[in-house]
Amino acid sequence: MEVLGALILAAGKGTRMHSPRPKVLQRLLEAPMLHYVYAAAAPLTGERTWTMIGHGADEVRGAFPEQAGRMILQAEQLGTGHALMTALPHLQAAGLSRLLVINGDTPLLRHSQLTTFVQACGDADLGFLTLTPPDPAAFGLVVRQGGRPTAVVEAKDYDPAKHGPHTGEINAGIYCLRLERVAPLLRKLTNKNKSGEYYITDIIGLAAEAGLWVEAVNFGDEADLLGINSPLELAAGEERLRARLVEEALRAGVLIHNPAAVRLGPRAVLEPGAEITGPCEIYGASRLAKGARVDSHCRLENVTLEAEARVFSFCHLEDARVGPDCRVGPYARLRPGAVLEEKARAGNFVEVKKARLCAGAKVNHLTYVGDAEVGAGANVGAGTITCNYDGKNKHFTRIGAGAFIGSNTALVAPVSVGAGAMVGAGSVITKDVPEGQIAIARGRQVNLERKKSS
Ligand code: UD1
Ligand code: CA
């Protein structure tokens with residue numbers, strides 16, 4: 001029985017990116033490059049997906065803890081061929097018969113393309129995907145004789161006198177190997193080339209020489225399969241991906257105004273009938289229910305918006321839940337742990353952190369609510385601050401259902417205001433306010449005769 005697995009090459013440094021971050025962790029729409037490669041491989045190889053790591057190995061493991069058990073360390077990155085040699089014993093031990101090798105810097109690759117490629121490889125011993133891009137200058141160039149692929153030569157090593165005039169066909173960095181047939185060739189790889197690296201691409205020439213069945217599967221000028229090596233290519237790839245995800249959402253029935261200025265992360269789920277207006281960014285594991293609406297100039301990350309929730313312009317929401325029929329903003333900030341229950345409101349210049357606004361609670365203007373619960377139907381006046389931090393620890397503030405907090409109140413936590421209680425404007429509340437009582441904690445007003453200036 002055939003057992004197909006995948007090896008993703010992700011150990012390289014990505015020198016051309018000029019960034020301290022490993023290249024495969026560069027972000028497109030706030031998700032690391034590798035996320036997309038895993039998503040493309042998953043439907044074909046699922047748990048049988050291994051990753052070569054090396055440069056920034058700990059960071060890569062940390063970014064994908066669920067994959068870390070199948071990450072293989074290539075301590076020295078001596079080239080893509082060396083990566084395959086290092087992985088081989090692990091792959092053989094796993095009982096794979098056929099292996100897809102995928103360069104980790106091709107995040108626009110789709111799983112349907114991988115499926116087409118594997119099918120096109122048929123029973124070949126070694127298949128590889130080729131492209132005919134407008135500018136083949138920086139890639140591995142395919143050499144054919146009598147129409148059959150006989151080698152891939154990196155552009156810098158290519159010598160027309162030796163290899164013949166070039167056709168413009170390049171290697172995309174995606175391979176399908178019958179391990180049993182190809183493994184014996186790996187011993188023959190050398191690093192005798194301009195880079196001094198072991199190239200995976202040399203197995204094509206070695207296989208052809210050994211009389212193995214080699215297939216080059218051409219995908220034309222499909223730009224989605226070009227590797228990303230530089231900031232310019234990253235930006236271009238990200239833009240293509242953005243347009244793709246927005247179009248998918250539109251086709252699924254999401255209402256998007258100004259779609260050219262909308263950015264949706266790959267894990268965001270927008271139900272048909274959700275509505276957004278660009279410019280706007282929705283990232284992470286966000287979910288917008290049917291009827292939820294986000295106006296322009298908002299950024300959401302890991303945010304759930306239930307039905308008919310509305311986020312007005314210029315809001316910043318992160319790790320927050322907004323219940324049905326809530327109103328947020330304009331100019332509101334929901335920080336991690338903010339939960340708004342049904343019909344709650346967090347209005348302009350309101351910041352909510354690790355706090356729950358229970359059903360129908362209103363916090364409408366210029367307020368900080370942190371480490372707190374605001375009871376159902378309570379009203380928190382403009383300029384209220386929960387003073388949650390004493391310089392060392394964070395403390396909790398509880399505001400009971402139906403309570404009314406007057407404007408410009410400081411609630412010095414830990415403190416609670418009972419259900420139905422009221423706090424006078426300008427108070428500094430340091431002691432609990434019992435249910436149903438009124439607390440006023442401010443200097444009494446004194447009116448004195450004003451001296452007349454002579
Ligand atoms: C590679 C191919 C080239 C092809 C191009 C397509 C080789 C020698 N060349 O070139 O033919 O046209 O991709 O985009 O393979 N990596 C490791 N370990 C290493 C070195 C690299 O895991 O020791 C990983 C990198 O992280 C990267 C991938 O392999 O994800 C490809 O490496 P990269 O340096 O980008 O290869 P290219 O020069 O683009
Ligand atoms: Ca590359």
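Note that the numbering runs from 1 along the sequence shown for the chain. Just so it is clear, the model here is predicted, and its values are computed rather than measured.
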Salt-bridge contact [X]-[Y] (side-chain N to carboxylate O under 4.0 Å):
| X | Y | answer |
| --- | --- | --- |
| Arg267 | Glu30 | no |
| Arg321 | Glu306 | no |
| Asp105 | Lys23 | yes |
| Arg251 | Glu248 | no |
| Glu169 | Arg144 | yes |
| Arg244 | Glu247 | no |
| Glu66 | Arg61 | no |

Between [X] and [Y], which heavy-atom pair has the shortest distance, and what is it?
| X | Y | answer |
| --- | --- | --- |
| Gly323 | Ala309 | O-CB, 3.5 Å |
| Tyr199 | Glu154 | CE1-CG, 3.4 Å |
| Ala41 | Ile102 | CB-CD1, 4.4 Å |
| Phe396 | Ala413 | O-CB, 3.6 Å |
| Tyr368 | Asn388 | OH-ND2, 3.3 Å |
| Cys387 | Ala410 | SG-CB, 3.9 Å |

Say you draw a straight line from [atom1] of [X] to [atom2] of [Y]; how long is it, rounded to the nearest 0.5 Å?
| X | Y | atom1 | atom2 | result |
| --- | --- | --- | --- | --- |
| Ser97 | Glu180 | OG | CD | 9.0 Å |
| Leu245 | Leu241 | CG | CG | 5.0 Å |
| Trp50 | Thr45 | CH2 | OG1 | 8.5 Å |
| Lys353 | Leu334 | NZ | CG | 13.5 Å |
| Asn348 | Phe312 | CG | CZ | 10.5 Å |
| Ile228 | Asn103 | CD1 | CG | 12.0 Å |

Are any of the side-chain heavy atoms of [X] and [Y] separated by less than 4.5 Å?
| X | Y | answer |
| --- | --- | --- |
| Lys188 | Glu209 | no |
| Thr384 | Leu411 | yes |
| Glu301 | Glu281 | no |
| Leu317 | Cys298 | no |
| Glu238 | Leu29 | yes |
| Arg178 | Glu2 | yes |
| Asp371 | His395 | no |
| Phe219 | Asp224 | no |

* In terms of heavy-atom contacts, does CD of Glu47 have more than 12 from other residues, nucleotides or ligands at under 6.0 Å? ->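 12 or below, so no.
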* Is the NE2 atom of His111 crowded by more than 12 outside heavy atoms at less than 6.0 Å? ->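 Atom NE2 in His111 is not packed in, count stays at 12 or less.
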I'd like to know if the side chain of [X] and the backbone of [Y] have a donor-acceptor N/O pair within less than 3.5 Å.
| X | Y | result |
| --- | --- | --- |
| Thr150 | Val143 | yes |
| Ser286 | Asn302 | yes |
| Tyr158 | Gly164 | yes |
| Glu341 | Ala359 | yes |
| Thr49 | Ala6 | no |
| Arg48 | Leu4 | yes |
| Tyr36 | Leu28 | yes |
| Asn193 | Glu197 | yes |

* Going by the angle between their ring planes, with limits at 30° and 60°, are Phe349 and Tyr331 parallel, tilted or perpendicular? ->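 Correct class here is parallel.
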* Asked: Relative to each other, are the rings of His297 and Phe314 parallel, tilted or perpendicular (30° and 60° limits)?
  ->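 The arrangement is parallel - the two ring planes meet at less than 30°.
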* To do: Check the pair Thr86 / Leu78 against side-chain contact (heavy atoms from CB on, under 4.5 Å), numbers first and verdict last.
  => CA-CA 10 Å; Thr86 310; Leu78 304 179; over 6 Å; no
* Asked: Do we see a donor-acceptor contact under 3.5 Å between the side chains of Thr132 and Asp221?
  ->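 No, no side-chain donor-acceptor contact under 3.5 Å.
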* Tyr283 versus Arg299, side-chain donor and acceptor atoms under 3.5 Å ->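 Result is no, nothing qualifies.
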